Amino acid sequence: MYELKSVHKRYGLAKVALRKIDLTVRDREFLVIYGPAGAGKSTLLNILAGITKPTSGDVLRNGVSILRVPPEKRDAAMAFENYALYSHLSVGENLAFPLKARGIGRAEVEERVKRISGILGIGHLLDRRPGFLSGGQRQRVALGRAIIRPADIYLLDEPVGHLDAKLRHKIRAELKALAEDLSATVVFTTTSSREALALGDRVAVLNAGKLEQLGKPADLYHRPANAFVASFVGDPPMSFISVQPRRHDGRVDFVTADGMPVASLAAEAVSDLNEEVGSKIQVGFRSNEVRIAQESDSNALRGRVDVIENLGYMKIALVGIGNDQVSVSVPAGTSLGVGETVAIAFPRDAVHLFQNARAVTHATPSAGV
Ligand SMILES: Nc1ncnc2c1ncn2[C@@H]1O[C@H](COP(=O)(O)OP(=O)(O)OP(=O)(O)O)[C@@H](O)[C@H]1O
């Protein structure tokens with residue numbers, strides 16, 4: 001088990017890359033660090049590897065500080081997005097290098113090179129030098145070189161970032177299966193929501209050096225702690241409509257600035273909502289929690305189709321409602337045109353509610369509704 005305790009990292013005087021991060025990497029888990037470019041993902045990985053020293057805070061392995069342990073004495077295998085391979089060695093020799101360096105016998109080296117190169121689809125390239133490979137092929141060799149040897153922890157920094165979508169999908173699945181097979185502890189960084197949700201036993205969402213939320217993929221998706229996580233995890237992102245609360249008879253109704261009702265929740269479900277003047281209250285929806293309704297539906301909100309994204313198996317319509325925009329998943333065969341007026345409906349008591357970007361509740365529908 002690895003623990004980051006209040007790890008803070010500043011580059012120079014002004015640039016804060018990590019802000020007091022507390023994070024545990026459990027044994028044998030696949031932990032994904034997910035965040036936008038510049039969030040601090042590589043810095044966090046480099047601190048676990050010992051390549052970068054935190055400005056303050058501690059890094060523990062099984063309860064003991066490893067801050068003073070140099071990288072070569074930490075049993076961490078690393079793969080970077082732009083990893084330098086040995087240009088004078090063939091792909092096969094590059095893959096075998098970490099094994100030979102550890103005195104592993106020839107038969108086992110051959111066996112492992114065969115297995116890993118097969119998984120990564122580079123078996124036919126074993127005799128080539130890195131200079132004769134494409135960027136995606138080089139990246140697979142670098143990933144192979146990291147995962148080919150047994151290690152206490154595998155630190156993989158956007159290791160499939162250069163690959164095309166099909167290959168990325170394939171290698172993602174293989175990597176997850178391999179990690180499970182080897183009972184490996186993996187920390188994997190990505191900027192892809194889909195990758196984070198597909199791979200992570202747990203996902204840590206990092207934004208501007210801050211740990212926004214750490215949890216299982218389903219928790220992040222269904223119970224985001226704040227509006228950043230809600231709009232960053234899941235594709236399409238959660239949509240928001242700005243509302244004002246109206247209390248009556250033990251319930252709170254949420255209406256738009258034009259007075260259109262959006263949601264209605266029991267007062268006890270929103271006990272954390274305070275009546276702070278000037279606070280921003282938003283109702284959030286996933287695209288599959290909303291549907292196109294009949295114009296005659298008195299409960300529906302009226303909006304205008306701004307954009308239609310055709311995903312082949314379905315479409316995502318972006319519907320403008322007042323100053324907000326809501327994503328709605330619709331079947332592929334639905335004929336909808338940009339500029340068309342539509343009505344949208346959703347379960348009024350199954351919404352995500354945020355106040356000043358922090359989640360107040362993720363209400364589930366009451367029985368019978
Ligand atoms: N050596 C450095 N000196 C100064 N600033 C740095 C240094 N390394 C990183 N930074 C800054 O620290 C922040 C975090 O960088 P980091 O590379 O950890 O982010 P990241 O999430 O891995 O980004 P990416 O996905 O683009 O690789 C960024 O603003 C980056 O510009």
Side-chain angles (χ1 to χ4, degrees), residues 2-25 30-59 66-67 70-71 74 76-85 135-136 138-140 142-143 145-147 153-165 167-168 171-172 175 185-200 202-215 217 220 224-226 228-229 231-235 237:
Y2 287 76
E3 287 166 277
L4 300 187
K5 292 230 182 246
S6 201
V7 163
H8 199 74
K9 177 62 188 177
R10 229 179 30 232
Y11 290 108
L13 284 179
K15 181 76 227 175
V16 179
L18 292 176
R19 296 167 196 274
K20 304 257 164 81
I21 302 285
D22 287 305
L23 179 68
T24 300
V25 186
F30 203 118
L31 177 68
V32 173
I33 312 290
Y34 170 50
K41 303 179 297 296
S42 304
T43 302
L44 195 153
L45 231 55
N46 289 339
I47 285 177
L48 277 169
I51 296 166
T52 300
K53 289 250 176 296
T55 311
S56 60
D58 206 351
V59 182
I66 51 168
L67 272 190
R74 299 188 189 187
M78 287 198 87
F80 302 94
E81 190 176 2
N82 297 303
Y83 203 93
L85 297 168
R138 267 202 294 273
Q139 193 169 39
R140 279 180 278 160
L143 176 59
R145 200 170 65 173
I147 60 179
I153 188 165
Y154 295 88
L155 304 172
L156 309 180
D157 198 1
E158 296 188 45
V160 291
H162 283 169
L163 307 183
D164 64 59
L167 202 53
R168 216 169 149 143
I171 291 188
R172 192 160 71 201
L175 195 60
T185 304
V186 180
V187 186
F188 178 106
T189 73
T190 183
T191 53
S192 151
S193 165
R194 189 177 262 230
E195 211 154 87
L197 294 176
L199 277 175
R202 292 189 306 156
V203 178
V205 182
L206 206 59
N207 177 35
K210 183 166 169 267
L211 181 59
E212 299 278 0
Q213 190 171 0
L214 169 66
L220 299 185
N226 54 48
F228 177 81
V229 176
S231 57
F232 199 60
V233 172
D235 186 13

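Atoms within a ligand are numbered from 1 in the order they appear, just like the ligands themselves. All residue numbers in this chain count up from 1 along the given sequence. As the structure is a prediction and not an experimental result, all values here were calculated from the model.
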Chemist: Closer than 4.0 angstrom: is that true for some heavy atom of Gly35 and an atom of ligand 1?
Modeler: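 Not so, Gly35 does not reach ligand 1.
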Chemist: State, yes or no, whether a side-chain contact exists between Ile153 and Tyr2 at a heavy-atom distance under 4.5 Å.
Modeler: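 Yes. Closest side-chain heavy atoms under 4.5 Å.
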Chemist: Which heavy atom of Ala146 sits nearest to which heavy atom of Leu156, and what is that distance?
Modeler: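 Shortest heavy-atom separation between Ala146 and Leu156 comes out as CB-CD2, 4.4 Å.
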Chemist: Yes or no: does Lys9 have any heavy atom under 4.0 Å from an atom of ligand 1?
Modeler: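 No, Lys9 has no heavy atoms under 4.0 Å from ligand 1.
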Chemist: Which one of Ala208, Ala14, Ser42 has a non-hydrogen atom at the shortest distance from atom 17 (O) of ligand 1?
Modeler: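 The nearest heavy atom belongs to Ser42.
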Chemist: Could you tell me which atoms of ligand 1, counted from 1 in the order shown, lie closer than 4.0 angstrom to a heavy atom of Thr43?
Modeler: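 Here the atoms of ligand 1 in question are 15 (O), 16 (P), 18 (O).
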Chemist: Gly40 to ligand 1: N or O pair under 3.5 Å?
Modeler: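 Checking ligand 1 against Gly40, an N or O pair does fall under 3.5 Å apart.
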Chemist: Tell me which one of Lys15, Glu158, Lys41 gets a heavy atom nearest to atom 29 (O) of ligand 1.
Modeler: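 Nearest heavy atom to atom 29 (O) of ligand 1 lies in Lys15.
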Chemist: Hey, does Pro36 sit under 4.0 Å from ligand 1 if you only count heavy atoms?
Modeler: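 Checking ligand 1 against Pro36, which is what was asked, there is a heavy-atom contact under 4.0 Å.
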Chemist: For Arg19 and Ala208, which heavy atoms make the closest approach, and how far apart are they?
Modeler: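 Answer, listing the atom of Arg19 first, then Ala208: NE-O, 2.9 Å.
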Chemist: When the ring planes of Phe188 and Phe30 are compared, do they come out parallel, tilted or perpendicular, using 30° and 60° as the limits?
Modeler: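 Tilted.
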Chemist: Please report the shortest heavy-atom distance between Ser193 and Asp235, naming the atom on each side.
Modeler: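 Ser193 and Asp235 have their closest heavy atoms at OG-N, 4.3 Å.
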Chemist: Among Val25, Leu48, Asp58, Asp22, which residue meets the side-chain contact (heavy atoms from CB on, under 4.5 Å) test with Leu4?
Modeler: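 The side-chain contact (heavy atoms from CB on, under 4.5 Å) with Leu4 is passed solely by Leu48 among Val25, Leu48, Asp58, Asp22.
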Chemist: List ligand 1 atoms under 4.0 Å from Ala39, heavy atoms only on the residue side.
Modeler: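 Matching atoms, with element in brackets: 19 (O), 20 (P), 21 (O).
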Chemist: Ala37 versus ligand 1: do any nitrogen or oxygen atoms come within less than 3.5 Å of each other?
Modeler: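 Min N/O separation from ligand 1 is not below 3.5 Å for Ala37.
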Chemist: How far apart are the closest heavy atoms of Thr55 and Arg10, and which atoms are they?
Modeler: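 Distance-wise, the nearest heavy atoms are OG1-N, 2.8 Å.
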